[in-house]
Amino acid sequence: MNIENDIQILSQQTWGHSLSECTIEQVYRILLIYVSEKLKESKLIEKPKKLYYISAEFLIGRLLSNNLIHLGIDQQIKQIIEKYGFQMSDIEECEGEPSLGNGGLGRLASCFLDSMAALQLCADGVGLNYHLGLFKQVFEDHKQKEYPDHWMDQKGWLIPTEKRYTVEYKDFSLTSLMNVIDIAGYDGSKNQLKLFDLETVNESLVKEGIQFDQQNVRENLTLFLYPNDENEAGQKLRIYQEYFLCSSAAQMILEETKEKGYDLSCLHEHVIIQINDTHPSMIIPEMIRLLMKEGMTVKEAVTEVSLSCAYTNHTILAEALEKWPLSYIQEIVPQLYDIILLLDALAHERSSLEKVAIIDQHHIVHMAAMDIHFSKSVNGVAQIHTDILKHTELKEFYELYPERFNNKTNGISFRRWLFSCNPSLCELLDETIGQEYKKDPLQLEKLQIYYHDESILEKLREAKQVNKDRLCKYLKKYHQLNLDSSSIFDIQIKRLHEYKRQQMNLLSIIHYYLRIKEGEIPKTPLTFLFGAKAAFSYTLAKDILHAISVLSEVIDKDAIASKYLKVALIENYNVTLAEKLIPACDISEQISLASKEASGTGNMKLMLNGAVTLGTLDGANVEILDLVGKENIFIFGKEASVVIEHYKQQDYDPSAMIQSDSDIKRLVDFLAGEEMISIGHETSLRRLHQELTTKDWFMTLLDLKEYLQAKDQIYKAYEDKKSWAQKMLVNISKAGYFSSDRTIAQYNEEIWHI
Ligand code: 26V
């Protein structure tokens with residue numbers, strides 16, 4: 001195989017000139033064509049049993065670099081490209097990213113696809129192709145504005161197919177067409193991500209920002225991910241969208257199974273469907289319906305489907321657990337109405353407890369309840385999360401089906417989140433511990449040998465510095481931001497939500513700002529980086545973003561404070577930006593209210609890249625602590641059991657905390673004080689202030705004092721260069737457990753058996 005030759009020929013065919021005469025964009029296009037062709041030639045992984053990972057979100061990220069790694073030609077391509085005077089990093093910048101997810105849940109699904117292909121499991125992803133994605137975030141006058149993300153305009157990895165399915169609704173039917181994205185495994189094999197799309201989608205429906213006619217289902221169905229579901233039209237649209245996904249998926253799964261010559265009466269021996277949160281739950285009644293049409297009895301169909309489905313829960317937030325009025329289901333998908341009634345009756349035979357009912361007294365359908373009754377497995381995504389499900393949130397279900405409940409602690413793809421995004425660290429790892437960690441991430445533990453080795457510790461610091469410099473250059477070029485790469489990079493990157501408590505971080509920055517003004521100067525300057533999108537209709541989340549942006553300007557305008565303090569709110573945080581920010585991070589903020597963050601996966605990515613965690617005992621932070629020991633992580637705040645008790649007793653009162661503590665009062669009052677109001681919008685600042693002082697549902701103030709102390713400690717620890725590098729070393733060396741290859745191997749051994 002002469003890759004250089006092939007690429008030269010492609011260049012001639014595509015652009016009519018040789019590689020050396022190409023623009024960067026043209027080189028990217030050639031590589032896209034070359035790699036797409038290689039993937040097309042790859043053989044589909046085939047086994048007697050196949051997994052379908054069904055999810056409303058796949059946050060894919062750029063694919064070029066990842067695909068080159070999987071095809072095993074990343075180094076060769078790099079050499080060829082450099083020979084002609086190009087840099088891989090410039091070429092990578094030409095690629096946009098598909099915007100098909102909100103955050104952790106969608107990114108997890110993509111890491112899983114990567115691992116399933118790498119482990120040679122026969123497994124496809126199944127989702128929806130949203131033409132305009134989530135949204136593109138722009139800050140205008142300190143406020144988030146949403147714009148359609150035209151990610152499909154650029155030629156990419158999406159391949160249209162001839163496959164069509166008819167999805168029936170009450171009074172009309174729609175045609176679903178299937179697109180695929182090839183997911184490269186090793187040794188020229190592949191799986192696929194199947195993305196269903198509405199044939200009649202009409203992008204011109206979109207008016208201002210991301211507003212569109214919500215009634216026009218025939219044309220709007222796959223325009224956006226998660227349209228606003230605060231009103232009735234929005235909720236119904238969600239049901240239309242979810243059924244579109246589930247019906248297309250169920251038809252495709254049964255068709256594939258029949259084509260392979262398998263008998264549907266033993267479906268569960270050939271098919272396993274992993275339901276990623278409740279968005280695809282209608283796959284259960286839909287599969288039952290279709291199997292009955294194929295001639296099965298109700299009983300047989302229910303049994304086969306229950307043995308073929310497994311459900312993953314990703315949140316305990318009540319507002320995120322989907323519930324739909326039965327009347328909406330009857331109105332939109334009447335063909336499922338009878339089946340859901342039947343499933344409810346069956347569930348009722350197993351238990352008469354109201355808490356485990358599928359349809360409650362108010363005629364509301366609880367999607368998670370349907371999943372649990374009619375799946376063979378129910379899993380949480382980190383140990384503490386699974387424990388809370390078993391003993392608190394889903395206690396009654398656990399008592400009914402103890403054998404179904406299990407934990408699968410999340411993981412991340414090391415191919416993307418280390419090999420591809422952090423070449424300077426990989427180079428150091430290669431020369432110290434060899435290359436075995438690339439096949440077996442637990443080998444990272446070998447780094448421990450160098451715990452006292454000054455020269456390796458120095459090299460670790462250098463690798464971090466390279467990444468910080470690289471980030472600064474990038475943010476200057478693409479975001480017009482000037483950062484000081486010798487300052488501490490303290491980073492919080494995740495969706496904006498009150499439970500994640502970006503507002504607590506904000507209050508801590510106000511604390512440092514006021515201290516500097518009083519003459520207390522930090523030893524090393526501090527840079528706080530935020531990346532976060534707020535849901536379109538989540539007012540308070542938008543208020544928090546606004547306050548961060550306003551504070552950033554307050555500090556910039558202060559001649560003295562700005563020498564030691566910088567806040568940067570990075571626009572349109574996405575996978576691509578994460579790949580630049582994560583390797584450059586010193587301090588990883590994982591400060592959710594204990595019990596609320598199911599797992600987190602950013603925490604794992606940051607640890608793997610040598611950041612030290614500042615966090616609460618929540619989600620996978622608990623497992624990070626177990627692995628690295630308390631000298632290598634900074635833990636603070638009330639534990640989950642205490643928080644759960646506060647909710648039970650309803651005895652948390654922010655106004656009492658403010659009254660009894662003048663420091664807290666000063667910080668909170670600053671939000672709606674003169675300096676902030678002179679720059680920002682008074683209504684928004686006052687609303688946030690009001691919320692924190694009277695309600696504070698996610699208990700920001702509960703942990704604020706301890707958080708400030710922990711921050712003082714972590715910044716102090718940073719000053720001891722040697723021991724900080726040792727903390728970095730331990731974090732990297734212990735991250736092997738969080739490889740998604742490990743997670744997927746566990747899913748397969750304990751649930752899927754493929
Ligand atoms: C969804 C919604 C939708 C309605 C408005 C409020 C709201 C709040 C939260 C959510 C979360 C949906 C589920 C989710 O994304 N969970 C995340 O899953 C990750 C992968 O397992 C996990 O690491 C994160 O901790 C968890 O929040």
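Just follow the structure's listing: the first ligand is 1, and inside any ligand the first atom is 1. Predicted model only: the values in this text are computed from it and were never measured.
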Working note: Ser377 + Tyr311, criterion side chain to side chain contact (heavy atoms under 4.5 Å, CB included); need CA distance, chi angles, decisive distance, verdict. CA-CA 6 Å; Ser377 160; Tyr311 159 64; over 6 Å; no
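- Residues that satisfy the ring pair (Phe, Tyr, Trp, His ring centres under 6.0 Å) test with Phe636, not counting sequence neighbours, are Tyr707.
- For the 3.5 Å distance criterion, the side chains of Asp197 and Thr222 qualify, holding a donor opposite an acceptor.
- A donor atom on one side chain and an acceptor atom on the other are not found under 3.5 Å apart for Ser599 and Glu597.
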Anything under 3.5 Å between an N or O on ligand 1 and a protein N or O? List each pair with its distance, or write none.
residue, atom, partner, partner atom, Å
ligand 1, 16 (N), His314, O, 3.0
ligand 1, 21 (O), His314, ND1, 2.6
ligand 1, 21 (O), Asn410, OD1, 2.9
ligand 1, 23 (O), Gly600, N, 2.8
ligand 1, 25 (O), Glu597, OE1, 2.6
ligand 1, 25 (O), Ala598, N, 3.3
ligand 1, 25 (O), Ser599, N, 3.0
ligand 1, 25 (O), Gly600, N, 3.0
ligand 1, 27 (O), Tyr499, OH, 3.2
ligand 1, 27 (O), Glu597, OE1, 3.1

Checking Arg501 against Asp703 for the salt bridge (charged side-chain N to carboxylate O under 4.0 Å, His left out) test, could you report, in this order, the C-alpha distance in whole Å, the side-chain angles of both residues, the deciding distance, and whether it holds? CA-CA 10 Å; Arg501 297 197 294 191; Asp703 291 333; 2.8 Å; yes
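- Screening Leu59, Leu195, Leu225 for a side chain to side chain contact (heavy atoms under 4.5 Å, CB included) involving Leu100 leaves a single residue, Leu195.
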